[in-house]
Amino acid sequence: MKKTQIITTVYEYDSVEELSKEDQLLVNQAKDAAHRSYAPYSKFNVGAALLLENGEIVQGNNQENSAYPSGLCAERVAVFYANAKYPDVPVKAIAITSRTNGNFLDTPVPPCGSCRQVLLETEDRYNQPIKVILCGENKIRIVDNIKQLLPLFFDKEMLNE
Ligand code: THU
């Protein structure tokens with residue numbers, strides 16, 4: 001038996017002002033998107049904003065449905081929209097924010113497993129890392145790429161083996 005460890009590197013900030021201007025803009029766009037989320041069931045409003053290689057910013061928010069599994073997370077709404085509109089343009093970064101009871105959460109909320117898998121595919125598709133900015137009011141966490149959030153991932157290499 002051999003024990004190995006997989007290490008994730010997370011950069012933590014106490015305030016959004018510590019981020020670069022580019023990252024601050026993306027966080028503001030994610031917050032803006034959260035205000036338009038459709039979440040009448042969970043009342044948990046998530047906003048995501050993607051920065052594309054061509055400078056475009058694409059927003060997404062969670063879209064719920066009375067048949068619960070038919071809804072979709074903010075991150076996948078944003079990524080699928082970006083991939084639909086700009087299929088040849090890599091995604092450089094994603095900012096994610098969450099709101100409930102009229103306030104943005106203090107804690108940075110990470111993307112769910114399915115969103116990580118979809119973001120991983122996008123990272124692989126364009127062969128370019130996607131920086132992830134998880135923004136809470138009291139803490140911001142940044143990782144350099146999706147693989148940091150998804151160790152032992154499944155991807156297309158396995159299909160080809
Ligand atoms: N949600 C997201 O939009 N992103 C995530 O990564 C986690 C969860 C949404 C789905 C649902 O509309 C609500 O938050 C509660 O789970």
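For ligands, and for the atoms within them, numbers begin at 1 and follow the listed sequence.
The closest protein non-hydrogen atom to atom 11 (C) of ligand 1 is E64 OE2, 3.2 Å. Among all non-hydrogen protein atoms, the one lying nearest atom 3 (O) of ligand 1 is A74 N, 2.9 Å. The protein heavy-atom contact nearest to atom 9 (C) of ligand 1 is N62 ND2, 3.6 Å.
For atom 16 (O) of ligand 1, no protein non-hydrogen atom is found at a distance below 4.0 Å.
Open room surrounds CG on N101; 12 or fewer heavy atoms of other groups in view lie less than 6.0 Å from it.
Residue contacts with ligand 1 for C73 involve both N, CA, C or O and side-chain atoms from C-beta outward (heavy atoms, distance under 4.0 Å). Proximity of E75 to ligand 1, defined as any heavy-atom pair under 4.0 Å, is confined to the side chain (atoms from C-beta onward).
Neither side chain, E22 nor S20, offers a donor N or O lying under 3.5 Å from an acceptor on the other.
Of all the atoms in ligand 1, the ones that sit under 4.0 Å from a non-hydrogen atom of P111 are 6 (O). Atoms of ligand 1 found under 4.0 Å from any heavy atom of V46 (numbered from 1 in listed order, with element): 1 (N), 2 (C), 3 (O), 9 (C), 14 (O). For ligand 1, the atoms closer than 4.0 angstrom to any heavy atom of S42 are 13 (C), 15 (C).
Look at A39 and you'll find every heavy atom at least 4.0 Å from all atoms of ligand 1.
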Exercise for the section: Might you work through the side-chain contact (heavy atoms from CB on, under 4.5 Å) test for I142 and D23, ending with a clear yes or no? Expected result: CA-CA 10 Å; I142 297 187; D23 289 355; 4.0 Å; yes
Exercise for the section: Give the intermediate values and the outcome of side chain to side chain donor-acceptor pair (under 3.5 Å) for residues Q59 and D32. Expected result: CA-CA 9 Å; Q59 295 172 301; D32 175 63; 2.8 Å; yes
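Between C115 and ligand 1, no N or O atom pair is found at a separation short of 3.5 Å.
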